[in-house]
Amino acid sequence: MDEQALLGLNPNADSDFRQRALAYFEQLKISPDAWQVCAEALAQRTYSDDHIKFFCFQVLEHQVKYKYSELTTVQQQLIRETLISWLQAQMLNPQPEKTFIRNKAAQVFALLFVTEYLTKWPKFFFDILSVVDLNPRGVDLYLRILMAIDSELVDRDVVHTSEEARRNTLIKDTMREQCIPNLVESWYQILQNYQYTNSEVTCQCLEVVGAYVSWIDLSLIANDRFINMLLGHMSIEVLREEACDCLFEIVNKGMDPVDKMKLVESLCRVLQSAGFFSIDQEEDVDFLARFSKLVNGMGQSLIVSWTKLIKNGDIKNAQEALQAIETKVALMLQLLVHEDDDISSNIIGFCYDYLHILKQLTVLSDQQKANVEAIMLAVMKKLTYDEEYNFENEGEDEAMFVEYRKQLKLLLDRLAQVSPELLLASVRRVFSSTLQNWQTTRFMEVEVAIRLLYMLAEALPVSHGAHFSGDVSKASALQDMMRTLVTSGVSSYQHTSVTLEFFETVVRYEKFFTVEPQHIPCVLMAFLDHRGLRHSSAKVRSRTAYLFSRFVKSLNKQMNPFIEDILNRIQDLLELSPPENGYQSLLSSDDQLFIYETAGVLIVNSEYPAERKQALMRNLLTPLMEKFKILLEKLMLAQDEERQASLADCLNHAVGFASRTSKAFSNKQTVKQCGCSEVYLDCLQTFLPALSCPLQKDILRSGVRTFLHRMIICLEEEVLPFIPSASEHMLKDCEAKDLQEFIPLINQITAKFKIQVSPFLQQMFMPLLHAIFEVLLRPAEENDQSAALEKQMLRRSYFAFLQTVTGSGMSEVIANQGAENVERVLVTVIQGAVEYPDPIAQKTCFIILSKLVELWGGKDGPVGFADFVYKHIVPACFLAPLKQTFDLADAQTVLALSECAVTLKTIHLKRGPECVQYLQQEYLPSLQVAPEIIQEFCQALQQPDAKVFKNYLKVGIWKNLYIFIKLGDVSEPRENTYYRILCHTVV
């Protein structure tokens, strides 16, 4: 081997050596016999360096995984012998190999096993066992090989082909017949021999048993000798966690419901008599987490048994199963309420399923009602934050608690389904007692009290948030709690979690304020002062900006008395902060978007006359326009690129803020009706000059383009005079991404205004195509995936533009470009339908073609179009589906085929018998299609129901055509060369 290249395998090697080692590895993978050098090195222990050994196993792994079938019988035998020789050597080594080498060796053994077990190496396990015997190093490797084999055969995280899945099933079936009893016996012997002397090997063996028990005969494991041994391991500190996991896998195994019930009950009796149910006396939280998982498994297994027995009508055994479940509830509650969240989390599944059973019972016993209440109290307690929770810098622990809270919420929702009255009463009791003394109560207790009120909104669902109507007792309780929340002063609590929960709950129950509107002013003040938008915490300010926007939107009818006061109070929050003033705004630009939207909603939905609305909107937007002009001038003069970028960002924010205010308008309150057209036209005139700025074009164009999209909706035809100039600027110095984002704007204008923009479209049609083709023709690196994707997306945008033009009744825009340009544009559509393996674009192209045939395909269509239909469109409808890349297993491709069928049907509709005659006598015979298939095809085409023809195309016509058409003999249509000609001509 290349000794210099091997130096690069050392983790401390420099980058040049590492690159050389990587290149050498790739070279060995390609070489037909290099693996033999690696096999020899392993068998003869040529190298002592661990990284070289690992490298050799990697080369062997690649050979077995990808090239094994290419090897001769002798070479395959060599690999088997190499691995067995290496295994034998491990029995004699003074020191065991590093763990990562043993794991890699096990993977290679496993790969060879799945490849050869069914054919050439049926004695695989017997050969391994004969080598390792009970040698601890050998046993370690044997167990690692078993885990690697299990991973290859049953690991759901490993994606297998259908062929591999069938092979794996066959291997498991064969193993069950031939060797599983022997393997199980070997596991028993290993456990018995090493349980007191080698905990590492014993734990490995328990892991193997747990893995294999899911697919082998359970009676081989679930028997007295094995279970007694496992229960014995539960009392050995170094083994009990693995023993717990192993018992969990045994309990989890699918089996007859009565047998499962007996198995679980016998386990529980032994565990209880051994003292494992005395949770309070156990200090090892890691073990308790595993034990909780085991109890959860036992509980859920009993519930599955109960469900099956009820379904089968076996009432007697079902009653026994329910009794068995009930006896586990006390233990479940102990684990649920445990201070360690992992222990508690592991039992939630059992708890949730138990509540599901109670929900199905018609009457609950007193004990069951007590259980429900106990679960409720446990959930309320466990929802509480602990002192260590870091609210300002949330890390992994905090994220885990948030996820745990989500699990508890599901329990609360299930509790509401079992006993909504009890849940409401319990929450009300906790909430009221906490809020009475909130000033002297710890933050976590105050937060959870408000949180419980918040969670009731989903736990007790109603239509459209109508919590304060309907059921009087429920509405009264919720109304009482909300009144307490907003009048207690708890919004002043000095902790971010309480503050945020207050605002979240106020917004969640916004309907309360339609019932008791007198509380709106105090809540608005909380939003606007130091408790909300001016809070010391940026996190609170940010969330409050969003919640304030929602609050105002949902209560816009109640906001009229407060509008001008709110606008005055938020004035400083609306200021655009230029980069050079050094002032740190209270809100980020994203947060300010919500404030601008809120201001817009207040103005637009007010009861003021149009003149007043216009004045308020002008007051809101004029400072933005003035700042925009100043900043744009500064940008034009800026030399430093970093400063240019920060100025462009600020300009973009200004445009974004103005754009966001327009979201307040609706069909009921249009810009015109509110008298605000003039203000937004002024904004347009202010913002459009940014398009001619040569600096930071991407960000400026993006912002203005978004504003234009909004103005097309809001100003309607008043925006049209600005479009030609804006388009001209946006088409200068374009990149693919610019054009992709510009074309939707033109599509929006075309679809909305149609004939009104016909002159503009006719004028800019060829310049737009010029820009598109110029970008598409730019050379790119062959392996540049990003450039290829950009071009693909641009092609889609181009075809979407043509689809919009034709679909909006604007085909004259294309027709008036001159006959030569028209044909060449049409040919690009043909090429899009046939040449590019992009079903989304193909579908669009067929939609365009069928629309053009519908418009121009009749007797009075443009001169020469009928010829184009027969020379180009008809062949495209056959050539596209016959491409190897046309994959009917893909949903988008099926849609493309459907549009292809529509195109053929439309041609037949417009051209009548002439079309059928052409297909029967000219086109299909030219492809050497059999007469019976031609006849079949034409009959399907002439069916009045289009679905018949679509289905015909989907279910076999192309397979038939494949038989009769030799694709290599069908010359490609001449139009394929036109695309580049068109590009060059336009360019």
Side-chain angles (χ1 to χ4, degrees), residues 424 427-428 431-432 435 438 446-447 449-493 498-535 540-541 543-570 594-595 597-608 664 666 668-669:
L424 184 61
V427 171
R428 188 177 188 181
F431 180 85
S432 301
L435 268 286
W438 66 262
V446 178
E447 189 276 343
I450 304 172
R451 181 73 180 174
L452 285 166
L453 172 57
Y454 177 89
M455 292 168 89
L456 279 180
E458 284 187 13
L460 307 171
V462 291
S463 177
H464 304 295
H467 291 285
F468 305 97
S469 58
D471 184 335
V472 176
S473 61
K474 188 187 95 170
S476 172
L478 288 171
Q479 203 167 322
D480 182 48
M481 284 188 277
M482 279 302 296
R483 192 182 307 114
T484 301
L485 179 69
V486 297
T487 58
S488 65
V490 74
S491 59
S492 298
Y493 198 103
V498 176
T499 306
L500 282 171
E501 206 56 63
F502 170 82
F503 287 120
E504 296 280 1
T505 307
V506 159
V507 173
R508 170 58 65 92
Y509 291 105
E510 33 86 11
K511 290 282 192 301
F512 166 76
F513 299 96
T514 61
V515 180
E516 298 191 21
Q518 67 269 27
H519 300 297
I520 291 176
C522 67
V523 172
L524 283 175
M525 281 308 300
F527 270 114
L528 293 166
D529 65 19
H530 65 280
R531 290 169 288 178
L533 293 169
R534 290 173 173 79
H535 197 280
V540 173
R541 294 196 301 270
R543 184 64 182 166
T544 306
Y546 163 71
L547 292 171
F548 181 51
S549 173
R550 275 186 56 190
F551 186 75
V552 169
K553 273 195 236 176
S554 59
L555 296 170
N556 63 77
K557 289 184 175 66
Q558 284 79 27
M559 288 293 132
N560 214 60
F562 318 109
I563 289 173
E564 299 214 28
D565 187 24
I566 294 172
L567 290 174
N568 286 331
R569 288 176 184 273
I570 62 174
F594 290 116
I595 304 302
E597 186 177 351
T598 305
V601 167
L602 287 168
I603 295 167
V604 170
N605 291 299
S606 69
E607 295 171 4
Y608 295 145
S666 65
K668 294 179 182 176
Q669 295 277 5

Across all chains, not counting sequence neighbours, the ring-ring contact (aromatic ring centres under 6.0 Å, His included) partners of F548 are F527
What residues form a ring-ring contact (aromatic ring centres under 6.0 Å, His included) with Y546, not counting sequence neighbours?
F594
Donor-acceptor under 3.5 Å ([X] side chain, [Y] main chain):
X    : Y    : answer
W438 : Y493 : no
N568 : E564 : yes
Y509 : L453 : yes

Does CD in E516 sit with more than 12 non-hydrogen atoms of other residues, nucleotides or ligands closer than 6.0 Å?
yes
Distance from [X] atom [atom1] to [Y] atom [atom2], nearest 0.5 Å?
X    : Y    : atom1 : atom2 : answer
N605 : I563 : CG    : CD1   : 8.0 Å
R543 : L500 : CZ    : CG    : 8.0 Å
M482 : E510 : CE    : CD    : 9.5 Å
S491 : E501 : OG    : CD    : 13.5 Å
I566 : R569 : CD1   : CZ    : 9.0 Å
H530 : H535 : NE2   : NE2   : 8.0 Å

Would you check if [X] and [Y] make a side-chain contact, meaning some heavy-atom pair closer than 4.5 Å?
X    : Y    : result
F562 : M525 : no
F512 : H467 : no
I595 : L533 : yes
V498 : E447 : yes
R428 : L424 : no
F513 : V506 : yes
R508 : E458 : yes
L524 : M559 : yes

If the threshold is 4.0 Å, N to carboxylate O, is there a salt bridge linking E597 and K553?
yes
